[in-house]
Amino acid sequence: MRKHFVALLLLFFISVPSGFAQGQDEGIPDGKKSREYFIASLVKIASPVLEAISRDELKKTMPVETTANPWGDRKQVTYLEAFGRTLSGMAPWLELGPDNTAEGKLREKYIRLALKGIQHATDPDAADFMNFTEGGQPLVDAAFFAQGLLRAPTQLWERLDKETQANVLTALKATRDISPAYSNWLLFTAMVEAALLKFEGKADLVRIEYALNKHKEWYLGDGVYGDGPDFHWDYYNSYVIQPMLLDIGAVLREKRDTSGDDKYNRFLHDYRLLTERAQRYAAIQERLISPEGTYPPIGRSLPYRYGAFQALSQMALLEKLPEGIAPAQVRSALHAVIQRHQQAPDMFDENGWLTLGFYGRDPEIAEGYLSTGSLYLCTEVFLVLGLPADAPFWTDAPASWTQKKIWSGRKISRDHAYYPQKDKEPDWETVIDGTSFSDYNNLEMHWNYLYPWGSDHNGSARMYAGPENREQLMLNDNVLQIKATPVEKDEGKSSSPPYQKIRYHSAAIHAKHHITVSKEYPVYKVSGEFRAPTARGTWPAFWLTAVDGWPPESDILEFKGDPYNWQNTFITPEEVSTIKKNIPSAMETWHTYTAILKRVNDENITIEYFIDGKRTGTHRADFTGKPLWLIINLQMEGSSGSPGPGTETYYYAKNVTVQRSRSL
């Protein structure tokens, strides 16, 4: 009797009339009918997978369609693809849980199927036990599987028996032996670890941190990330990158809030930026949808079909759509895309399995790494079903989307790029402004001569700058000039290790203000424009070092006898993080070198380094509450090699500023 009830219910959802709105947005389904269509479409796709694996017969019954020249035996990986991806897209709807409505009873059916499927997929004695270890592909789909569990923790994790939960954790950990590609694949390792953190309470945080930091580096602007160091014009920002960044970040934020452990802050200080970038990408996605529900078939993995709009669906689910994009217009646009694809008569085979292709069946449009299981990433478009039926997304009146408006002659808002710093700058208090090199009185108001500890350091130059010596340090037209001059007479050795023989006179200055990142001032910005020598034996620097002992140290500019700038963060003498950038024009052209120091907690800060306004990297260090000197100097030889130049060497600085803020 129950089978007949569910069948009749499903038939009702599939056969309901379209329910079109009238007036200006005529032809667009209303929210109630649209939700019914979304549900009917999702269960049509998911049913063959979940029904089969619940019976422990997925491997027995699922066809494996491939291109003419597949990459290896796809049967080894395709079943986990089908199951993991189906769960990932379906999970938000399942997480709404059962209730007494027809939809709630349908959800309960698929929750139970999914739970049986998870049991069989992770039980080594089951026929459908999945491959989590052989080859590289299992890492990908273990991540989608993990993402599904994270998106439905109440229904898909807490309702598992203890043995199955243990099997799931074992399966996820088994993927740690798989080395990810240097691309979006780093997020797969991070997603697995996020699930382990959520469900077991511990994880390899290095894998998470590495993935997030690399994607920060790979951000290209205007809401788009490169897939690794390169830009690929495809839909991987939606298939993987944007959604996984947000889902991993959500776990870390929850962990911080529930545990009270500030160590998770280091992953989250840019979470606002991740969200804003995802919003911008969602705006781009919405504008890609034509009035007819088509969109550009660009890039690889096109057989994922409308899974290309996961990012847009996710932002609607999170109720964080970009300003100016109404939920109802997204609902209507996604409805049109889904309907357009499903009009193709051969999108499904005679048994209801997805076929390989983009619009209908076309196996040769697929790459060799794709097979039947891969196609179930299309379920990601249905994330919005995680919004309850009474959410504005479903109840608001129908609305045309951007292209439907514009091609019918209606006015739309102009598009614009995303500028992350617009109106986001802290309320800076200027400690040293860009005029401190305008004259010697101004210089001496903000700076002291020499190093904080005297005239000598770790090279062969002795500092002689001061009111009595304008030879090594001069001011001219708001520019500080430091000159290193070879000396002929014997001046002995430097008083600082490694006690090199003094062979040059040069100059240094250090700021009178101590830079101390604290609760009162949780962010500092230190910046300046420089022309720096790069010849062998020249060692210019713009750096921060501890007032009390050493380290800490942060090198914002440091050239050591060649055109590579070093941006170093010394936590201990042995523990140092380094960013090297080749700047061939370092001496000929003014370049701007910047560090932004932000408090994370009572122990740690982050240091973001920039050259010419472009972020070069971010380091983390235990510098909170530790006062730092700011130094500009031209040292010689030492780490920059020897012999140094036999003639005078110059180093120039201007517009050096120190700013701080009471808020991040």
task: Assess whether atom NZ of K59 is packed by more than 12 heavy atoms of other residues, nucleotides or ligands within 6.0 Å.
output: yes

- prompt: Would you say the side-chain atoms of R151 pair up with the backbone N or O of P92, donor to acceptor, closer than 3.5 Å?
  reply: no

field: R277 charged N/C atom sitting above Y418 aromatic ring, 6.0 Å / 45°
entry: no

- prompt: Hey, are the side chains of Y239 and S301 touching, using non-hydrogen atoms and a 4.5 Å cut-off?
  reply: yes

- line: Minimal heavy-atom distance between D396 and A328, with the atoms involved, is CB-CB, 3.9 Å

message: Is a donor from one side chain sitting under 3.5 angstrom from an acceptor on the other, for T101 and E103?
response: no

query: How far does CG of L113 sit from OG of S47, to the nearest 0.5 angstrom?
result: 7.5 Å

- request: Starting at OG1 of T402, measure out to CH2 of W407 and round the result to the nearest 0.5 Å.
  value: 13.0 Å

statement: CZ of R35 to CG of D30, rounded to nearest 0.5 Å, is 13.0 Å

message: I'd like to know whether the aromatic ring centres of Y235 and Y304 sit less than 6.0 Å apart in this structure.
response: no

query: Does the distance from a Lys or Arg side-chain N to an Asp or Glu carboxylate O, for R280 and E276, drop under 4.0 Å?
result: no

- prompt: Backbone N or O of D73 within a donor-acceptor pair of the Q76 side chain at under 3.5 Å?
  reply: no

Gap separating the CG atom of L50 from the CZ atom of R112, nearest 0.5 angstrom: 14.5 Å

- request: State plainly whether the residues K214 and E217 are in salt-bridge range, i.e. N to O under 4.0 Å.
  value: yes

query: With no hydrogens and no angle check, is any side-chain donor or acceptor of T175 less than 3.5 Å from a backbone partner on F132?
result: no

task: Measure across P363 and T67 and return the closest heavy-atom pair with its distance rounded to 0.1 Å.
output: O-CG2, 3.2 Å

Salt bridge R74-E65, side-chain N to carboxylate O under 4.0 Å: no

- request: Answer yes or no: are there more than 12 heavy-atom neighbours, outside D230 itself, under 6.0 Å from its atom CG?
  value: yes

message: Within this structure, what is the OH-CG distance for the pair Y306 and L377, rounded to the nearest 0.5 Å?
response: 11.5 Å

task: Would you check if the side chain of S290 reaches a backbone N or O of T294 as a donor-acceptor pair within less than 3.5 Å?
output: yes

task: Measure from the side-chain N and O atoms of D390 to the backbone N and O of T395, and report whether any donor-acceptor pair falls under 3.5 Å.
output: no

Side chain to side chain, N351 and P48, heavy atoms closer than 4.5 Å: no

side-chain contact (heavy atoms from CB on, under 4.5 Å) between R207 and V192, intermediate numbers included: CA-CA 9 Å; R207 294 172 185 249; V192 168; over 6 Å; no

message: With side-chain contact (heavy atoms from CB on, under 4.5 Å) as the criterion, how do M130 and Y79 come out once you've worked through the C-alpha distance, each side chain's angles and the decisive distance to 0.1 Å?
response: CA-CA 7 Å; M130 299 295 178; Y79 306 109; 3.8 Å; yes

query: Is the gap between the ring centers of W93 and F382 under 6.0 Å?
result: no

- prompt: With no hydrogens and no angle check, is any side-chain donor or acceptor of S238 less than 3.5 Å from a backbone partner on A311?
  reply: yes

task: For the pair F38 and H335, name the ring-plane relationship: parallel under 30°, tilted 30 to 60°, perpendicular over 60°.
output: tilted

- prompt: Is there a side-chain contact between V330 and W401, using heavy atoms and a 4.5 Å cut-off?
  reply: no

field: Residues M191, I248; criterion side-chain contact (heavy atoms from CB on, under 4.5 Å); working and verdict
entry: CA-CA 6 Å; M191 181 60 72; I248 293 164; 3.8 Å; yes

- request: Indicate, with yes or no, if the rings of Y295 and F309 have centres closer together than 6.0 Å.
  value: yes

message: Has Q285 got a side-chain atom pairing as donor or acceptor with A308's backbone, closer than 3.5 angstrom?
response: yes

query: Side-chain contact, heavy-atom cut-off 4.5 Å: L312 with I289?
result: yes

Any donor-acceptor pair under 3.5 Å from D56 side chain to A126 backbone: no

query: Can you find a side-chain donor-acceptor pair between D247 and Q314 that sits under 3.5 Å?
result: yes

- line: Heavy atoms of L387 and L96 approach each other most closely as O-CD1, 4.2 Å

query: Mind checking whether I118 and T164 have side chains closer than 4.5 Å, heavy atoms only?
result: yes

query: Do other residues, nucleotides or ligands put more than 12 heavy atoms under 6.0 Å from the CD atom of E163?
result: no

message: I'd like to know if the side chain of H120 and the backbone of I53 have a donor-acceptor N/O pair within less than 3.5 Å.
response: yes

- request: For D227 and N184, test the side chains for any donor-to-acceptor distance below 3.5 angstrom and give the result as yes or no.
  value: yes

query: Taking all non-hydrogen atoms of both residues, which atom of E286 and which atom of Q329 are closest, and how far apart?
result: OE2-NE2, 3.0 Å

- prompt: Do the two ring centres, one from Y369 and one from W71, sit under 6.0 Å apart?
  reply: yes

message: With a 3.5 Å distance limit and no angle check, can you tell me whether R107 reaches the backbone of P98 through a side-chain donor-acceptor pair?
response: no

query: Do F199 and L150 come close enough that some side-chain heavy atom pair is under 4.5 Å?
result: yes

message: For a salt bridge (charged side-chain N to carboxylate O under 4.0 Å, His left out) check, start with the C-alpha distance between R361 and E350, then their side-chain angles and the critical distance, and finish with the verdict.
response: CA-CA 12 Å; R361 182 176 182 274; E350 63 275 11; over 6 Å; no

- prompt: To the nearest 0.5 Å, what is the distance between CG (L375) and CZ (F358)?
  reply: 13.0 Å

- request: Report yes if the side chains of D128 and F83 come closer than 4.5 Å at any heavy-atom pair, otherwise no.
  value: no

query: Any Lys/Arg nitrogen of E51 or K109 sitting under 4.0 Å from an Asp/Glu carboxylate oxygen of the other?
result: yes

message: Restricting to non-hydrogen atoms, name the atom on F129 and the atom on A121 that form the minimum distance, rounded to 0.1 Å.
response: CD1-O, 3.4 Å

query: Using 30° and 60° as the class limits, which term best fits the ring planes of F144 and F188: parallel, tilted or perpendicular?
result: tilted

message: For a side-chain contact (heavy atoms from CB on, under 4.5 Å) check, start with the C-alpha distance between W218 and H215, then their side-chain angles and the critical distance, and finish with the verdict.
response: CA-CA 5 Å; W218 295 336; H215 280 81; 3.8 Å; yes

- prompt: Closest approach of W353 and A52, non-hydrogen atoms and distance?
  reply: CH2-CB, 4.3 Å

message: When you compare the side chain of P138 with that of V77, does any pair of heavy atoms fall below 4.5 Å?
response: yes

- request: Quick one: do E380 and R85 satisfy salt bridge (charged side-chain N to carboxylate O under 4.0 Å, His left out)? Show the steps, please.
  value: CA-CA 8 Å; E380 303 286 7; R85 296 172 188 215; over 6 Å; no

